[in-house]
Amino acid sequence: MKTLDKTYNPAKVEPRWSEHWIEKGLFRADTDSRKPVFSMVIPPPNITGSLHCGHALNSTLQDVLARYKRMKGFNVLWLPGIDHAGIATQNVVERMLAEEGLTRERLGRERFLERVWKWKEESGGRILEQLKRLGASCDWTRLRFTMDEGLSRAVREVFVRLFSEGLIYRGDYIINWCPRCHTALSDLEVQHEERDGFLYYLVYPLKDGKKTRKTITVATTRPETMLGDTAVAVNPSDKRYASLIGTTIILPLVNREIPLIGDNGVDMEFGTGAVKVTPAHDFNDFEMARRHDLECVRVMDLDGRMNENAGRFKGLDRFRAREAVVEALREEGFVKKVDNYRLLIGTCYRCGTTVEPTLSKQWFVDVKPLAEPAIKAVEEGRIVFIPRSWENTYFEWMRNIRDWCISRQIWWGHRIPAWYCKRCEHTTVATTDPSVCEGCGSEEIYQDEDVLDTWFSSALWPFSTLGWPQRTKDLEMFYPTTVLSTGFDIIFFWVARMIMMGLKFMGDVPFRDVYIHALIRDAEGQKMSKSRGNVIDPLVMMERYGTDAFRYTLVSFAAQGRDIKLSEDRIEGYRNFSNKLWNLARFVFMNLEEEDLEEEDLAEGRYPDTSLYNIPDRWILTRLKRCADEVSKGIETYNFDESARSLYRFIWHELCDWYVELVKPDIKGERGEERRKVAVHVLTSVLRDTLKLLHPFMPFITEEIFSYMKKRDVSIMETGFPEPDLIFPEEEAEMERIMSVVRAVRNIRTEMNIPHRARVDCLCLARDDSVRGAILTGEAYIKDLAGVENLRVEASGEGPRGSVSAITDGVEVFVPISGHVDLDVEEKRLKTALKKLLGELSQVQRKLANEDFLNRAPREVVAKEKRRLEELLEKKGRIETGIERIRTVRG
RNA sequence: GGGCGGAUAGCUCAGUUGGGAGAGCGCAGCCCUUACAAGGCUGAGGUCACAGGUUCGAUCCCUGUUCCGCCUACCA
């Protein structure tokens with residue numbers, strides 16, 4: 001057998017396996033399979049993106065699920081893909097054009113789109129390679145892209161059907177406009193930021209107050225929009241102003257006459273209780289204008305500059321205009337005062353520019369009718385969020401949902417399938433490009449210039465990727481998908497919309513479980529961002545510590561409902577863990593004899609006759625079984641961190657720290673050939689099962705080690721997930737007893753500074769027969785692991801002169817010290833132990849003295865406490881004898 | 001304004017039918033013991049944020065407070 005390198009070198013191992021798995025088609029879903037189905041679609045990353053920690057976490061968790069389910073015998077589909085990311089991609093390509101001194105307008109739509117496709121072919125989707133590097137076991141043969149022909153057909157189909165049902169409409173409404181990206185944005189695409197600003201108090205004169213110089217003062221954070229004011233509103237129940245409702249105001253600078261209206265939406269407490277109304281540039285005001293049938297006056301153009309309605313301010317950028325307008329108002333005495341004020345401003349999530357609410361003609365989805373069944377699906381538990389608490393967030397948004405603006409004034413995306421007629425003004429909406437107007441048959445039709453929100457196509461992802469609107473085998477087999485794993489930040493953007501669309505067009509939920517993973521932050525708890533410069537690059541981490549170690553770190557941190565503070569130290573720790581595993585394998589392989597290898601395939605070996613097992617064998621097999629149960633349970637309940645913790649403890653602190661040490665003499669043949677064979681067998685079998693348990697988390701190293709154990713060409717992922725059933729609770733307990741004696745002797749050795757090589761004698765006093773039995777059966781192990789020469793076990797008696805003692809549950813361990821014992825050190829040891837013990841003792845005694853406790857607590861609990869009291873009292877007695885003994889020696 | 005989450009060892013975090021507080025890193029001491037120094041052994045370190053309540057018993061359940069995050073909202 002090959003000798004492994006002394007340290008594990010992931011860089012040498014990982015790329016080979018990534019390729020191998022894909023070449024062999026191990027990730028392919030099978031439409032002819034009769035196995036139970038497990039399916040997921042990947043949240044499609046942006047085509048412009050590159051792998052960040054969030055992707056890495058989410059993909060790792062999905063990969064754990066996929067690999068686990070595959071090994072458990074499921075027909076697994078994990079469908080990968082990417083998103084065309086309309087605005088982001090267009091920005092990227094426009095930036096490239098700018099470097100050539102070009103603009104998209106000069107290039108023209110068609111040639112611009114050619115450039116985007118070319119860019120896509122050359123440098124788009126880099127992230128897919130990075131996902132492969134991470135080990136993501138997606139079915140790469142089914143890779144999808146939102147702009148693919150098939151998916152585009154799905155988009156059109158959906159648009160046409162919603163339009164025909166009146167759920168998609170076009171109209172003039174106020175929307176969020178990004179003056180930089182030159183497009184409308186949905187509410188969700190606007191990010192709110194708190195900034196310092198001012199609250200301006202503007203004085204508006206009343207028309208019939210000319211003689212009396214009557215005025216009304218309004219408060220605003222955006223004085224420049226006053227040019228577009230078409231009313232002033234007050235609350236009708238506001239006594240200060242109620243009598244003025246219906247009067248006319250002269251708008252300063254503009255000299256337009258505007259009405260003073262009453263509206264319940266006005267907050268009497270805020271500012272002066274009077275608010276200016278600018279319907280064309282404020283959502284609130286727009287609503288109010290509709291209620292009161294007010295005029296809408298736009299005062300800005302699409303670049304965010306003042307337009308002709310702004311009179312002398314025309315051409316000024318909106319922020320310059322603010323200063324200019326305030327200045328002008330001030331000169332004429334219309335500014336009463338200016339307060340400092342924290343305000344929330346909306347910014348474009350793509351470029352950060354302050355968005356401008358603007359009246360505009362756009363396409364919308366009437367979402368309410370779609371939202372109702374989507375709410376119900378979650379209420380009725382047909383879809384379950386994990387953690388459950390996210391359902392509140394979902395409900396909150398869905399119940400207050402507003403119409404979705406889906407048209408974007410960009411070129412890269414699915415063009416809106418609507419044609420307008422120059423003759424009759426009819427709008428033709430069709431799945432295939434029409435040549436004549438549906439209404440009048442005229443050929444003079446032209447297509448809408450706009451494209452759809454990228455999220456529109458993403459909403460169809462779970463079924464469009466499976467072939468819809470065609471009724472494919474994939475669709476039939478894999479829809480609804482089993483799980484969706486994603487971040488909370490796109491619950492509204494994506495999850496909710498998929499649920500609505502899935503229910504609408506497939507008549508069924510798109511997935512059963514929605515697992516919401518944590519958000520990754522840096523070590524200080526800051527959100528990672530390029531501008532902060534605190535981004536941890538997953539690729540660098542994989543390079544530096546190995547993909548498996550990086551994956552394991554993410555999984556270990558993935559506790560539900562808590563953010564992840566990622567730190568490099570932790571990754572290093574798991575790098576060490578992978579090295580530990582590597583060396584475990586190295587040890588095993590080093591000690592195999594030729595015949596062990598010839599006799600059978602280590603990768604498939606069965607456990608031998610259980611009657612041949614000794615205590616350590618039975619103990620480790622029991623521990624393995626418990627670990628396997630915990631791993632499965634953790635994955636199935638999305639408590640991935642628990643699985644990871646359990647495996648870590650088992651491999652390092654049970655298998656390596658104890659079992660390997662226990663069987664070393666066996667493996668080396670010191671206890672006979674038969675025993676050697678059994679030990680080898682158990683050790684290799686446990687190693688093999690451990691590798692399998694670990695494989696979903698650490699696919700590379702496990703496959704690598706496994707490859708040395710197998711005779712035929714098989715991947716570890718094809719060998720099934722271990723479900724061991726051997727369990728020996730008695731030996732498990734006995735072993736614990738033996739281990740605690742070993743620990744006790746080691747403790748004494750350390751505290752007494754006994755040289756490492758020196759052997760010591762040991763006397764164990766234990767009243768309980770079974771405890772003595774356990775110690776006696778473990779004699780050889782205690783001698784080995786604690787460096788004991790002679791071991792005596794007695795029911796009762798005295799510790800030998802000049803010996804030091806340690807007390808563990810039910811056992812008192814004495815170690816005679818050659819030369820003389822440092823009495824002071826020993827006394828101090830005993831006294832500290834006594835002090836600690838007395839604390840525990842008084843707790844227990846207090847409990848047992850409490851009648852209510854005795855009467856009301858469950859019997860088992862009371863019995864347990866009583867047993868504990870006895871143990872503690874016994875311990876106490878022994879420690880006190882020890883202290884007494886020291887006193888007598890001192891004389 | 002509404003909602004959600006967090007506060008446990010120096011740091012990062014686990015801890016559910018409520019019943020003797022855990023891990024990793026870091027720290028201290030000893031050890032290059034033939035799988036592993038990316039290692040081994042041993043150890044120190046915690047009024048479980050604060051105040052009440054329920055209970056025989058609370059880190060855990062309930063109420064309130066403080067601090068820190070996040071999401072959401074039409075106080076201009």
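Chain naming here is simple, since letters A, B, ... match the order of the sequence lines and numbering starts at 1 in each. Hydrogens, waters and symmetry mates are skipped; everything else that's a heavy atom, side chains included, is used. A quick note: this is a predicted structure, and the numbers were derived from the prediction, not measured.
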With a 3.5 Å cut-off and just heavy-atom distances, do the side chain of A:Asn284 and the base of B:C74 make a donor-acceptor pair?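 Side chain to base: pair found, below 3.5 Å.
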Which atom pairs, donor and acceptor, lie under 3.5 Å between side-chain atoms of residues 336-344 of chain A and protein residues at least two apart or in another chain?
residue	atom	partner	partner atom	Å
A:Arg342	NE	A:Glu194	OE1	3.3
A:Arg342	NH1	A:Asp196	OD1	3.0
A:Arg342	NH2	A:Glu194	OE1	3.1

Phosphate oxygens OP1/OP2 of B:C74: is one of them under 4.0 Å from a side-chain N or O of A:Arg402?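 For B:C74, OP1/OP2 do have a side-chain N/O of A:Arg402 under 4.0 Å.
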Phosphate contact (B:G57 OP1 or OP2) by A:Lys847 side-chain N/O below 4.0 Å: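 Looking at the OP1 and OP2 atoms of B:G57, neither is under 4.0 Å from any side-chain N or O of A:Lys847.
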Over all strands shown, is [X] touching base, sugar-phosphate only, or nothing at heavy-atom distances under 4.0 angstrom?
X: A:Phe492; answer: sugar-phosphate
X: A:Tyr341; answer: sugar-phosphate
X: A:Leu344; answer: base

Among residues two or more places apart or on two chains, list those pairs meeting salt bridge (Lys or Arg N to Asp or Glu O under 4.0 Å) that have a residue in residues 269-290 of chain A.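 For residues 269-290 of chain A: A:Asp229-A:Lys276.
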Restricting to pairs with a member in residues 658-669 of chain A, which pass salt bridge (Lys or Arg N to Asp or Glu O under 4.0 Å), not counting sequence neighbours?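 Applying salt bridge (Lys or Arg N to Asp or Glu O under 4.0 Å) to every pair that reaches into residues 658-669 of chain A, excluding sequence neighbours, yields A:Glu661-A:Lys664, A:Asp666-A:Arg671, A:Asp666-A:Arg675.
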Want to settle it: does A:Leu343 or A:His192 sit nearer the 5' end of RNA chain B, counting the closest nucleotide to each?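 The 5'-side residue here is A:His192.
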Between protein and nucleotides 33-42 of chain B, map the contacts as a letter string: B base, S sugar-phosphate only, - none, heavy atoms under 4.0 Å, written 5' to 3'. B-BBSBSSSS
What residues in residues 857-872 of chain A put a non-hydrogen atom under 4.0 Å from any atom of RNA chain B?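 Going residue by residue through residues 857-872 of chain A, the ones with a heavy atom under 4.0 Å of RNA chain B turn out to be A:Ala857, A:Pro858, A:Val861, A:Glu865, A:Arg868.
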When rounded to the nearest Å, what value does the distance between C1' atoms of B:U59 and B:G20 take?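 That atom pair is separated by 14 Å.
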For A:Lys875 and B:G20, what is the distance between atoms NZ and C1' respectively, to the nearest whole Å?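 Whole-Å distance recorded here is 11 Å.
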Atom-pair distance (CD on A:Glu269; P on B:A76), nearest Å: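 Whole-Å distance recorded here is 15 Å.
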May I ask you to check whether A:Tyr574 and A:Tyr648 place their ring centres under 6.0 Å from each other?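 Aromatic pair counts; centres sit under 6.0 Å.
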Can you tell whether the side chains of A:Arg575 and A:Glu572 come within less than 4.0 Å, N to carboxylate O?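 Yes, this pair counts.
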Could you provide the dot-bracket string of RNA chain B, using ( ) for intrastrand pairs, [ ] for crossing pairs and | for bases paired to another strand, with Watson-Crick or G-U pairs below 3.5 Å? (((((((..((((.....[..)))).(((((.......))))).....(((((..]....))))))))))))....
